[in-house]
A.B. asks: 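Have a look at this one before I ask anything.
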Amino acid sequence: MSKNLLILGGSGALGSEIITLFKNKGWKTISIDFRDNTKSDISISITSTNASELHRVEEILKSTNTKADTIVCAAGGWVGGNAADEGYLGSVQKMIDMNLYSAFGTAFLGSKFLNENGLLVLTGANAALQPTSFMIAYGATKAATHHLIKSLAQPDSGLPNNSTTVGILPITLDTPINRTAMPNSNFDDWTPLSDIANKLYEWSSIPESRPTGGSLLSIITKNKVTTYTPQ
Ligand code: NAD
């Protein structure tokens, strides 16, 4: 029987890459995002990660008898700026919606649809291990995601028995948007999306290869070599 990948943010740069790789490996993929991912076996388009939209997703997944072996949150967004910025309050709301509600929503879906022995992966950010005064809302919502990851790894978190929750903390992903925004950077120190997709596939298909539950893994790429270092 084929295995299933459920991914929130499946239309983004990282999410699409993960979907393509898992599909190539014979997994069935379910993408949930604001935009459809037409390459995914199932694509559910949502308007928000509020309670009513998540319950709608829950009904769709229940009615199709869908469970997942791996659930990933690759959703998120970035806004810079400090507390004195004109757009500060708007950016706080945006970062809560994109980074935090997506992570909480993924945890909700994990509690309902992750199989026993399954893998749940949430995406934090390496930068949020330290204060981030120049991108206050982004850093705070990613730091809260790190806390959520550790809480979900506790035995009474509501996730299924023997499942594993880990956090991946990228620095800079090698995406088309980043290349356009920072054209003079050293791309050899950016993390190729395929590196992360392959690592998630390894953890998904070989349970013994998974990091300890609750791990926050800094993804560091230097000279085209990527390492996953627990914090
Ligand atoms: P991306 O912007 O290409 O894709 C993010 C996707 O998430 C988009 O398709 C967007 O529609 C979707 N999304 C946003 N909020 C959502 C929500 N609440 N519910 C459902 N879908 C939602 O981002 P990316 O570059 O692929 O980054 C993937 C993850 O890695 C994100 O969590 C991001 O914060 C994190 N990250 C990225 C970088 C980087 O350099 N790009 C660095 C550190 C961390």
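Remember, it's 1-based here, ligands and their atoms both numbered in the order they're listed.
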A.B. asks: Are any side-chain N or O atoms of S45 and backbone N or O atoms of F34, one a donor and one an acceptor, separated by less than 3.5 Å?
C.D. replies: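 Yes; judged by distance alone, with no hydrogens or angles, the pair exists.
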A.B. asks: Is the shortest N/O to N/O distance between K142 and ligand 1 below 3.5 Å?
C.D. replies: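 Right, the criterion is met.
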A.B. asks: Would you say T29 and S40 are linked by a side-chain donor-acceptor pair, where the criterion is simply a distance under 3.5 Å?
C.D. replies: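 Side-chain D/A pair, S40 to T29: present.
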A.B. asks: Could you see which bit of F104 sits under 4.0 Å from ligand 1, with heavy atoms only: side chain, backbone, both or neither?
C.D. replies: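 Contact part for F104 vs ligand 1: neither.
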A.B. asks: Among the heavy atoms of W190, does any lie under 4.0 Å from an atom of ligand 1?
C.D. replies: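 False for this residue.
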A.B. asks: Examine the proximity of ligand 1 to D97 and report which part, side chain or backbone, both or neither, has a heavy atom under 4.0 Å away.
C.D. replies: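 Near ligand 1, D97 shows its backbone, while the atoms from C-beta on stay back.
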A.B. asks: Which residue and non-hydrogen atom of the protein lie closest to atom 3 (O) of ligand 1, and at what distance in Å?
C.D. replies: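 Looking at atom 3 (O) of ligand 1, the protein heavy atom closest to it is A13 N, 2.9 Å.
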A.B. asks: Please give me the minimum heavy-atom distance between S204 and R210, naming the atom from each residue.
C.D. replies: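 Minimum heavy-atom separation between S204 and R210: O-NH2, 3.4 Å.
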A.B. asks: Are any of the heavy atoms in Y101 under 4.0 Å away from ligand 1?
C.D. replies: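 It does not; every heavy atom stays at 4.0 Å or beyond.
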A.B. asks: Does G124 come within less than 4.0 Å of ligand 1, judged by its heavy atoms?
C.D. replies: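 It does; at least one heavy atom falls under 4.0 Å.
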A.B. asks: Do S31 and N37 pair up side chain to side chain, a donor and an acceptor below 3.5 Å, judged on atom types alone?
C.D. replies: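 No, because no side-chain N or O of S31 sits under 3.5 Å from a partner of the opposite role on N37.
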A.B. asks: Does the distance from a Lys or Arg side-chain N to an Asp or Glu carboxylate O, for R56 and E59, drop under 4.0 Å?
C.D. replies: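 Not counted as a salt bridge, because no side-chain N and carboxylate O are separated by less than 4.0 Å.
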A.B. asks: May I ask you to identify, for P170, whether its side chain, its backbone, both or neither come under 4.0 Å of ligand 1 on a heavy-atom basis?
C.D. replies: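 Within the 4.0 Å criterion, P170 contacts ligand 1 through backbone and side-chain atoms alike.
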